[in-house]
Amino acid sequence: MTYKVTEEGNISTVFLNGEIDMDVTEQAKEVIFPLVDAGKEVHLNLKDVSYMDSSGISVLIESHQKALELNSKVVVKEVSKSVLKVIMMAKLEQILNLE
Amino acid sequence: MDISESKDFIVSTSSLKEVRVFSREVFEKINIPQEQKDELVLAIAEAAQNIVKHGYKDIENTTDKMQIKISLKNNELEIGFFDKGKPVVPGNVQHRKLDDIKPGGLGTFFIKQIMDGAVFKKDQKGWVNHLVLSKKIN
């Protein structure tokens with residue numbers, strides 16, 4: 001997994017790339033959680049994520065819940081077809097902010 | 001077409017990519033839709049992850065291996081997982097409830113969604129656990 005972060009006003013966009021599994025979830029959390037904790041609105045761009053397993057989905061859930069606690073939000077954007085399928089399998093399409 | 005292929009992997013999160021590569025290579029030989037192949041790869045990766053996460057909980061840097069065997073016979077796909085981790089008590093293996101939105105338990109939930117069957121067998125010669133996932137392939 002690789003990533004890039006861009007900032008625009010109070011919005012931080014994290015562009016994730018590659019396959020997200022248990023081996024890289026700590027790395028993903030280290031990138032995303034501090035931005036959420038800082039009160040930023042975090043956009044996770046998943047257009048270049050080709051695979052995500054339950055560990056990756058858990059990072060999305062935790063990020064979403066953390067943001068809610070801080071009255072902020074995490075928006076999951078440009079979800080690739082394969083990742084969207086996993087999100088839907090987890091019945092999370094109505095829970096996460098998908099754009 | 002009948003298939004029987006197996007491979008050993010070090011029990012580690014860093015092996016999960018290798019597990020997916022192996023699974024994808026085997027499924028390349030089977031004439032099923034790509035979407036179904038992707039689902040099967042996910043189920044296999046989740047089961048392997050459960051071995052690392054639960055079977056070897058609190059055990060770091062093990063040199064133990066797990067074995068994954070993918071077999072196809074008479075359109076019945078069978079995927080065996082052998083490991084030497086903590087003995088699994090099948091009744092304790094639970095997936096999350098649908099309305100319980102929290103991290104954890106999702107892997108087993110995915111496996112149940114994708115596969116027709118998931119059974120721990122007692123024929124694990126030399127191993128501690130033997131999980132068999134099965135699915136009818138059309």
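All heavy atoms count here, side chains included; hydrogens, waters and symmetry mates do not. In what follows, chains are A, B, ... by sequence order, proteins preceding strands, each numbered from 1.
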Validation row: D53(A), F110(B) side chains within 4.5 angstrom (heavy atoms): no
Hydrophobic cluster identity match, I32(A) and L98(A), side-chain contacts under 4.5 Å: yes
Residue-level contacts of residues 56-88 of chain B with chain A, using a heavy-atom cutoff under 4.5 Å: none
Shared hydrophobic cluster for V75(A) and L68(A) (ILVMFWY, side-chain gaps under 4.5 Å): no
Same apolar cluster (I L V M F W Y, side chains within < 4.5 Å links), I137(B)/M1(B): yes
Contacting region of V86(A) [heavy-atom separation from chain B under 4.5 Å]: both
Flag if over 12 foreign heavy atoms under 6.0 Å of CG, N31(B): no
CG-OG distance between L42(B) and S82(A), expressed to the nearest 0.5 angstrom: 10.0 Å
Interatomic distance, Q113(B) atom CD to K91(A) atom NZ [nearest 0.5 angstrom]: 5.0 Å
I51(B) with V128(B), same ILVMFWY side-chain cluster at under 4.5 Å: no
Contact check, side chains of D38(B) and Y51(A), non-hydrogen atoms, under 4.5 Å: no
Residue pairs, two or more places apart or on separate chains, that pass side chain to side chain donor-acceptor pair (under 3.5 Å) and touch residues 13-24 of chain B: E19(A)-K17(B), E19(A)-R20(B), E19(A)-R24(B), D21(A)-R20(B), D23(A)-T13(B), S12(B)-S14(B)
More than 12 heavy atoms of other groups within 6.0 Å of Q34(B) CD: yes
Exceeds 12 heavy-atom contacts within 6.0 angstrom, atom NZ of K136(B): yes
Path from V21(B) to I44(B) over hydrophobic side-chain contacts below 4.5 Å: no
Contact origin within E35(B) toward chain A - heavy atom pairs under 4.5 Å: both
